[in-house]
Student: 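Take this structure, written in structure tokens, and hold onto it; I'll ask about it next.
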Amino acid sequence: MSPIVMAVCAALLISAALITLFRVERGPSMLDRIVALDVLVSALIGSLALVSLWFGRTDLVLVLTVLALVGFVGSVTLARFAAAEPEAESRILSAQEAAERDAGIRPEDGES
């Protein structure tokens, strides 16, 4: 395979992983983070496949298969966990929303 094609594939996988890390960190909901982690595992699998192709190592196919299975089981487990999460806790509150919640003021009430 051409080194140019390999470099383009590597650049795309790295950019996908970085964008995904941003989504894992920012959220806003647990489901967004779960999907981002699944995409991150897929980018890792693609990177490992690229390394396997570059060095001609066929022994990494087993590692790719195991990583895909672990990613699948992890995604299903996290999805079941997120499905059991209460609706009120589905997103991270801002500092102001958390302070209002702790003070017993609901954002819909407004200032009186």
Side-chain angles (χ1 to χ4, degrees):
M1 188 176 243
S2 166
I4 296 172
V5 173
M6 296 290 280
V8 169
C9 289
L12 290 174
L13 285 168
I14 290 170
S15 64
L18 290 175
I19 291 169
T20 301
L21 283 174
F22 176 76
R23 180 52 55 197
V24 168
E25 193 269 327
R26 297 286 291 194
S29 69
M30 181 64 110
L31 186 58
D32 290 330
R33 289 183 172 95
I34 291 170
V35 171
L37 285 173
D38 195 31
V39 171
L40 189 63
V41 168
S42 298
L44 180 65
I45 290 170
S47 300
L48 194 57
L50 198 64
V51 167
S52 175
L53 179 65
W54 181 259
F55 293 111
R57 295 190 53 183
T58 57
D59 58 335
L60 292 178
V61 174
L62 181 62
V63 176
L64 290 169
T65 305
V66 169
L67 191 56
L69 287 172
V70 168
F72 172 74
V73 171
S75 295
V76 170
T77 303
L78 288 173
R80 288 185 59 94
F81 172 73
E85 179 180 302
E87 184 65 32
E89 296 179 15
S90 64
R91 65 182 185 88
I92 296 175
L93 300 177
S94 67
Q96 181 183 3
E97 290 172 333
E100 289 173 351
R101 183 195 61 195
D102 293 341
I105 302 170
R106 292 193 346 229
E108 297 87 29
D109 293 342
E111 309 232 356
S112 304

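Here, residue 1 is the first one in the sequence, and each next residue gets the next number. Only this structure's heavy atoms are used, side chains among them; waters, hydrogens and symmetry mates stay out.
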Student: If you look only at pairs with a residue in residues 33-46, which of them pass as a side chain to side chain donor-acceptor pair (under 3.5 Å), with sequence neighbours excluded?
Tutor: D38-S75
Student: Looking at CD1 of I19 and CD1 of I14, how far apart are the two atoms once the value is rounded to the nearest 0.5 Å?
Tutor: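 Result: 12.0 Å between the selected atoms.
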Student: Just grab all the salt bridge (Lys or Arg N to Asp or Glu O under 4.0 Å) pairs involving residues 9-20, residues at least two apart or on different chains.
Tutor: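 Sorted pair list comes back empty.
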Student: Not counting sequence neighbours, which residues clear side-chain contact (heavy atoms from CB on, under 4.5 Å) with I45? List them please.
Tutor: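 Partners of I45 by the side-chain contact (heavy atoms from CB on, under 4.5 Å) criterion, ordered by chain and then number, come out as V41, L64, L67, A68.
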Student: Could you pull out all residues at least two apart from V70 that satisfy side-chain contact (heavy atoms from CB on, under 4.5 Å)?
Tutor: V66
Student: Mind checking what makes side-chain contact (heavy atoms from CB on, under 4.5 Å) contact with V73, not counting sequence neighbours?
Tutor: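 In terms of side-chain contact (heavy atoms from CB on, under 4.5 Å), with neighbours along the sequence ignored, V73 is linked to T77.
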Student: Checking R23 now: which residues fulfil side chain to side chain donor-acceptor pair (under 3.5 Å) with it, not counting sequence neighbours?
Tutor: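 Side chain to side chain donor-acceptor pair (under 3.5 Å) list for R23, sorted by chain: empty.
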Student: Using the side-chain contact (heavy atoms from CB on, under 4.5 Å) criterion, which residues pair with T58? Sequence neighbours excluded.
Tutor: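 By the side-chain contact (heavy atoms from CB on, under 4.5 Å) rule, T58 matches no residue at all.
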Student: Among pairs that include at least one residue of residues 41-55, which meet salt bridge (Lys or Arg N to Asp or Glu O under 4.0 Å), considering only residues two or more places apart or in two chains?
Tutor: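 Applying salt bridge (Lys or Arg N to Asp or Glu O under 4.0 Å) to every pair that reaches into residues 41-55, excluding sequence neighbours, yields nothing.
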Student: Taking the side chain from T65 and the backbone from V61, do they hold a donor-acceptor pair closer than 3.5 Å?
Tutor: yes
Student: According to a 4.5 Å side-chain heavy-atom criterion applied to Ile, Leu, Val, Met, Phe, Trp and Tyr, with indirect links allowed, do L50 and W54 form part of one hydrophobic cluster?
Tutor: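 Shared cluster, yes.
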Student: Give the minimum heavy-atom separation between T20 and A36, together with the two atoms involved.
Tutor: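 So the two residues come closest at CG2-O, 2.7 Å.
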Student: Can you list the other members of the hydrophobic cluster that holds F22, where links are side-chain heavy atoms under 4.5 angstrom apart?
Tutor: none
Student: Given the rule that I, L, V, M, F, W and Y join up when any side-chain heavy atoms are under 4.5 Å apart, are L53 and F55 in one cluster?
Tutor: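 Yes, L53 and F55 fall within the same hydrophobic cluster.
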Student: Restricting to pairs with a member in residues 52-64, which pass salt bridge (Lys or Arg N to Asp or Glu O under 4.0 Å), not counting sequence neighbours?
Tutor: R57-D59
Student: Give the other cluster members for L69, using side-chain heavy-atom distances under 4.5 Å between Ile, Leu, Val, Met, Phe, Trp and Tyr residues; answer none if it is isolated.
Tutor: none
Student: Could you state whether L13 and V51 fall into the same hydrophobic cluster, counting links through intermediate Ile, Leu, Val, Met, Phe, Trp or Tyr residues with side-chain heavy atoms under 4.5 angstrom apart?
Tutor: yes
